[in-house]
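A short write-up of the structure that comes next.
Chain naming here is simple, since letters A, B, ... match the order of the sequence lines and numbering starts at 1 in each.
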Protein chains: 2
Amino acid sequence: MLRNKTSAKRRSGCPLNASVEMLGDRWSLLIIRDMMLQGFRSYKEFMQCYEGIATNILADRLRKLTEYGIIASEPDPSDGRKLIYFLTAKGIDLAPVLTEMVLWAAAHEDTGNQALVRQMREDKEKLLVGIRQRWAARHSLAT
Amino acid sequence: MLRNKTSAKRRSGCPLNASVEMLGDRWSLLIIRDMMLQGFRSYKEFMQCYEGIATNILADRLRKLTEYGIIASEPDPSDGRKLIYFLTAKGIDLAPVLTEMVLWAAAHEDTGNQALVRQMREDKEKLLVGIRQRWAARHSLAT
DNA sequence: AATTATTACTTGCAATTCGCAAGTGAAATG
DNA sequence: CATTTCACTTGCGAATTGCAAGTAATAATT
């Protein structure tokens, strides 16, 4: 049925368990990254970007991330078909996690986007402040 | 067949793709955490610790983490049946990623292990140095 | 106003992956 | 030498995923 079943299993252990439960799959972190850095906001943008993600899985991940309070959505006022997805404060707080993951991969694998990596290495804090500021500017109205 | 199929798909994009490919599942990060913080080294220790992990999945994850160069193993000199698993330098470099994930979850969920969380918040750098030092001490011989 | 297109999904089904129980082989223990 | 321990593998039913084909609501076009 592809829905959550509130398995109380790894609850209340090390905090990492909670993170892995929410983020430990092939797509969630990529969705969050692209909302944070690419400004993705709609189902269609995600769908076009990731070759390979199944439509039902994208819908399921967006639903779960919403349940976890990492993202939220509202109807697009200028187009009633669209939903606009955005990161919540909890979601934007994942910026340091993503940063460390990017730096780790860049240090140990051949990867692209050297510009971003260089920026992260040179001034991690400044980048994080920038991400937060851009987010806050967009969400000065919504919660 | 439960083995890798070198899908060259998300290769060479953002470095995060590489991280998610290696770590984006329900168990890998937990295995790494427990090697890093709990000193786990054998199949049996992992098996006993995680209720819910299937034996074949544990074997598969250990194999993949080895292929990725995040962990390595060697026969136990004092018991020929055992393999000793240990983190490589690449593996120990995941410490900042784990730290940020723990801090994020602790900030946004009810989680346990407050002692660790407090230590991380109070002096992240010192903790990371400590983890590295303990690791280096154990691996002064092996690569 | 009626037709077509777009958007965000759901549904159905085959294929893959996972969880669990039961092996297996090699080495240690008694 | 029999038994136990350890690190797995195998088999199988169940859950999850990928893909193709809908669907319902709104928007754009004719």
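dA7(D) atom P lies 13 Å from atom CD1 of Ile71(B), rounded to whole Å. Atom CD1 in Ile57(A) sits about 18 Å away from atom P in dA8(C), given to the nearest Å. Between Asp76(B) atom CG and dC6(D) atom P there is a gap of 11 Å when expressed in whole angstrom units. Across the protein-nucleic acid pair, Arg26(B) atom CZ and dC18(C) atom C1' stand 10 Å apart, rounded to whole Å. Separating the CG atom of Asp25(A) from the P atom of dT17(D) is a distance of 7 Å, rounded to the nearest angstrom. Atom CG in Leu65(A) sits about 16 Å away from atom P in dA8(C), given to the nearest Å. Summarising the geometry, the separation between CZ on Phe46(B) and P on dG19(C) is reported as 17 Å, rounded to the nearest angstrom. With rounding to whole Å, Asp60(B) atom CG is found 7 Å from dC18(C) atom P.
Along DNA chain D, the nucleotide nearest to Ile53(A) and the one nearest to Gly80(A) differ in position, and the one closer to the 5' end is contacted by Ile53(A). Nearest-nucleotide mapping onto DNA chain D: of Ala54(A) and Glu45(B), the residue sitting toward the 5' end is Glu45(B).
Formation of a donor-acceptor pair under 3.5 Å by the Tyr68(B) side chain with backbone atoms of Gly91(B) is not found in this model. Of the possible donor and acceptor atoms, one in the side chain of Thr88(A) sits under 3.5 Å from a partner among the backbone N and O of Ile70(A). Side-chain atoms of Trp135(B) come within 3.5 Å of backbone N or O of Leu87(B) as a donor-acceptor pair.
With hydrogens and angles ignored, a donor-acceptor pair closer than 3.5 Å exists between the side chain of Thr55(B) and the base of dT9(D).
Side-chain proximity of Tyr43(B) to the nucleotides dG12(C), dT9(D), dC9(C) is greatest for dT9(D).
Taking 4.5 Å as the limit, some side-chain heavy atom of Leu23(B) sits within range of a side-chain heavy atom of Trp104(A).
Between Tyr50(A) and Trp27(A), the two ring planes are tilted [angle within 30° to 60°].
Taking only side-chain nitrogens and oxygens, Arg63(B) comes nearer than 4.0 Å to OP1 or OP2 of dT9(D). Neither OP1 nor OP2 of dT23(D) sits under 4.0 Å from any side-chain N or O of Arg81(A). Dashed line: the shortest gap from a side-chain N or O of Arg61(A) to OP1 or OP2 of dT17(D) is under 4.0 Å.
In this structure, Tyr85(B) reaches the sugar-phosphate backbone alone: every heavy-atom distance under 4.0 Å involves primed, P, OP1 or OP2 atoms, never a base.
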